[in-house]
Amino acid sequence: MSRSTFTCNECGAAHKKWAGRCEACGAWNSIVEEAALSTGPSKKTLGAAKGRRVDLTSLSAKDTPLARAVSGMDEFDRVLGGGLVPASAILVGGDPGIGKSTLLLQAAASFARKGLKSIYVSGEEAAAQIRMRADRLGLSDAPVMLAAETNLRDILTTLDAERPDFVIIDSIQTMWADNVDSAPGSVSQVRSAAHELTAFAKRRGVSVVLVGHVTKDGQIAGPRVIEHMVDTVLYFEGERGHQFRILRAVKNRFGPADEIGVFEMTGGGLAEVSNPSALFLSERGQTASGSVVFAGIEGTRPVLVEIQALVAQSPLATPRRTVVGWDSGRLAMVLAVLEARCGLSFAGMDVYLNIAGGMRISEPAADLAVAAALISARQDHALPADTVVFGEISLSGALRPIAQAEARLKEAAKLGFATALAPASIKSAATGDFQVKKLSDLGQFIVEVFGDIRA
Ligand code: TYD
Ligand code: MG
């Protein structure tokens, strides 16, 4: 007997009955009825039946190192952890229209030119449309094979026969498995298609990329269910008005997570940006108050970004706290420390914080740069244009040491900055003309940069 289950299309939570609102994630109208994949656990436990004995090995067994394939698109290879691992399943998520198809068509072409047999399966566009795009990107000569198809059974049969090295499924939401009784894009279809395709990747030693659209709250439909199945999860991010695109590894079984690749969307497709700091700072105009350059680390690479703050008298009873590109909880903490430890109150003021260029920062090392931007905006006092700032702020107002200070300072010096404001506990010293001002707490930092402003 097959019973129906009710699944939330946003978060994948299972419910016993239909409801207008998912209790797990709070989304409205997201719960759909689906035929259950299995008919439930059998009465007999697995342990009761006789299974096959599995070989056990030791941790010290020597395996040959992973033979990675490199595409030659350095930004893409780096995010993968140094190239494509055979038999791996990779999920590439992102907003519709951000450039996923463009990126992966370019990657497929690069791998194909390196001799990997590459197949691009599109469930969204006709073959003629993809050819037109390839033509515009100057990739027509690359030996990529195309299929416009959504039937998973037919796709798997084809892939089994063709034995490719690299397959792109664009997108997982358009795939349709005929053994699952629900519409394409639903959680059970997405889950089942992802399962079949990752199993195929492992069985045949093929690297498979699954493209997944992200819903407006930043999750791929049926997200949790795919993320744990695949080896690598990459997100392609960026803002519509901006040409920058960031490919970020949020999970990688074969490399560091948090690694980023930076691209620029141009008329001729995605161009790699090998020096992201220069790009992120390129839009910085004359130094105004509220603008501070943060020397950050993304993955293994130092990246300088501009943090912008605006502070204004608020007409509201509860002033606004608006953050783009950073954590709002972290902003609340920095504001609280400024008030409690340094006597700088932001009560009655609206606070806006923005990371320029569409970057998203998650490092605590940005605390000090954010604090500097907030004070600079509040006091209308600009920092010197040639200064970078980094450091984590503790609740006591002390500046805590952060990782990879050396790399941050080097990058700042390379880009023409002359001074860094950093926690006292970092080891690196000044080199050449580059000056490192080491500070032990937020109060000392404020006096150093803004003078005595306690009022
Ligand atoms: P696309 O790769 O189709 O996005 P996704 O697959 O993530 O939905 O990219 C679509 C956008 O990219 C579209 O708005 C136009 C832009 N674009 C360029 O600016 N230059 C190009 O060379 C290409 C191919 C696309
Ligand atoms: Mg697309």
Side-chain angles (χ1 to χ4, degrees), residues 71 73 75-76 79-80 90-113 118-142 144-150 152 155 166-176 184-185 189-190 193-194 197 208-223 226-227 230 232-250 260-273 279 282-283 357-358 360:
S71 64
M73 285 169 77
E75 296 295 303
F76 189 74
V79 177
L80 289 176
I90 300 155
L91 173 67
V92 177
D95 289 328
I98 202 74
K100 300 182 294 299
S101 302
T102 308
L103 174 74
L104 291 164
L105 189 60
Q106 287 182 248
S110 304
F111 280 120
R113 284 182 176 144
S118 306
I119 298 186
Y120 185 98
V121 181
S122 178
E124 304 196 331
E125 291 165 295
Q129 259 176 303
I130 303 166
R131 276 196 293 271
M132 229 163 68
R133 172 182 307 201
D135 201 33
R136 195 143 73 85
L137 300 175
L139 305 173
S140 304
D141 61 317
V144 178
M145 290 181 287
L146 291 182
E149 184 54 62
T150 58
L152 194 61
I155 290 169
F166 185 54
V167 175
I168 287 158
I169 304 290
D170 189 2
S171 65
I172 192 72
Q173 276 105 343
T174 56
M175 293 296 125
W176 177 67
Q189 281 285 357
V190 167
L197 287 160
V208 176
V209 173
L210 309 175
V211 176
H213 292 295
V214 162
T215 54
K216 54 186 175 318
D217 54 356
Q219 293 184 333
I220 297 177
I226 335 193
E227 284 198 355
V230 296
T232 303
V233 178
L234 311 179
Y235 279 91
F236 204 38
E237 319 169 329
E239 274 179 41
R240 242 154 233 274
H242 283 287
Q243 73 275 35
F244 317 139
R245 298 286 181 271
I246 294 159
L247 185 66
R248 184 186 295 272
V250 296
I260 64 166
V262 184
F263 298 86
E264 190 176 358
M265 185 58 98
T266 69
L270 289 157
E272 294 180 62
V273 175
L279 181 73
S282 64
E283 289 187 344
R360 203 162 45 77

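As the structure lists them, so they are numbered: ligands from 1, and atoms in each ligand from 1. Remember, predicted model here, so these are calculated numbers, not experimental data. Start at 1 with the first residue, then count along the sequence.
- Scanning all heavy atoms of the two residues, the minimum distance from Ala108 to Ser118 falls at O-OG, 3.6 Å.
- Near Met265, with a cut-off below 4.0 Å to any heavy atom, the atoms of ligand 1 are 12 (O), 16 (C), 17 (N), 18 (C), 19 (O), 20 (N).
- Residue Thr266 has at least one heavy-atom neighbour below 4.0 Å for each of these atoms of ligand 1: 18 (C), 19 (O), 20 (N), 21 (C), 22 (O).
- Rounding to the nearest 0.5 Å places CD1 of Ile155 at 10.5 Å from CD1 of Ile119.
- At a cut-off of 2.8 Å, Thr102 does not coordinate the Mg ion (ligand 2) through any N, O or S atom.
- Contact annotation: Leu105 has no heavy atom less than 4.0 Å from any atom of ligand 1.
- Taking a cut-off of under 4.0 Å to the non-hydrogen atoms of Ser101, the atoms of ligand 1 that pass are 2 (O), 5 (P), 6 (O).
- We find the CG-NZ distance between Leu234 and Lys100 to be 12.5 Å, quoted to the nearest 0.5 Å.
- Against a heavy-atom cut-off of under 4.0 Å, Gly269 is close to the following atoms of ligand 1: 21 (C), 22 (O).
- The shortest N/O to N/O separation between Gly97 and ligand 1 falls below 3.5 Å.
- Looking only at heavy atoms of the protein, atom 23 (C) of ligand 1 is closest to Arg136 NH2, 3.5 Å.
- The CG atom of Leu210 lies 10.5 Å from the CG atom of Leu104; values are rounded to the nearest 0.5 Å.
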* I would like to know whether Glu264 and Arg245 meet salt bridge (Lys or Arg N to Asp or Glu O under 4.0 Å); could you show each step before the answer? => CA-CA 6 Å; Glu264 190 176 358; Arg245 298 286 181 271; over 6 Å; no
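- Counting only heavy atoms from C-beta outward, the side chains of Glu75 and Val262 approach each other to under 4.5 Å.
- The shell of residues lying under 4.0 angstrom from ligand 1, judged by heavy atoms, includes Gly268.
- Given atom 4 (O) of ligand 1, the protein heavy atom at minimum distance is Gly99 N, 3.1 Å.
- Looking from atom 3 (O) of ligand 1 to the surrounding protein, the closest heavy atom is Arg133 NH2, 3.1 Å.
- Atom 2 (O) of ligand 1 has Thr102 OG1, 2.6 Å as its closest protein atom, hydrogens excluded (heavy atom only).
- By the definition of a contact as any protein heavy atom under 4.0 Å away, atom 15 (C) of ligand 1 is not in contact.
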### Query
When you look at Asp141 and Arg113, which way does the salt bridge (Lys or Arg N to Asp or Glu O under 4.0 Å) test go after all the steps?
CA-CA 9 Å; Asp141 61 317; Arg113 284 182 176 144; 2.7 Å; yes
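- Phe236 is listed as a side-chain neighbour of Leu270, based on a closest heavy-atom distance under 4.5 Å.
- Here is the list of ligand 1 atoms found below 4.0 Å of a heavy atom in Leu137: 22 (O), 24 (C).
- Shown in contact with Gly267 at under 4.0 Å from a heavy atom are these atoms of ligand 1, numbered in order with element: 20 (N), 21 (C), 22 (O).
- Closest approach of Thr174 and Gly123 over heavy atoms only: OG1-CA, 3.5 Å.
- Residue contacts with ligand 1 include Asp95, since one of its heavy atoms falls under 4.0 Å from the ligand.
- By the 4.5 Å heavy-atom criterion applied to side chains, Phe111 and Val144 are not counted as neighbours.
- Listed by number with element, the atoms of ligand 1 under 4.0 Å from a non-hydrogen atom of Pro96 are 8 (O).
- Put simply, the side chain of Val79 does not reach to within 4.5 Å of the side chain of Arg248, judged on heavy atoms.
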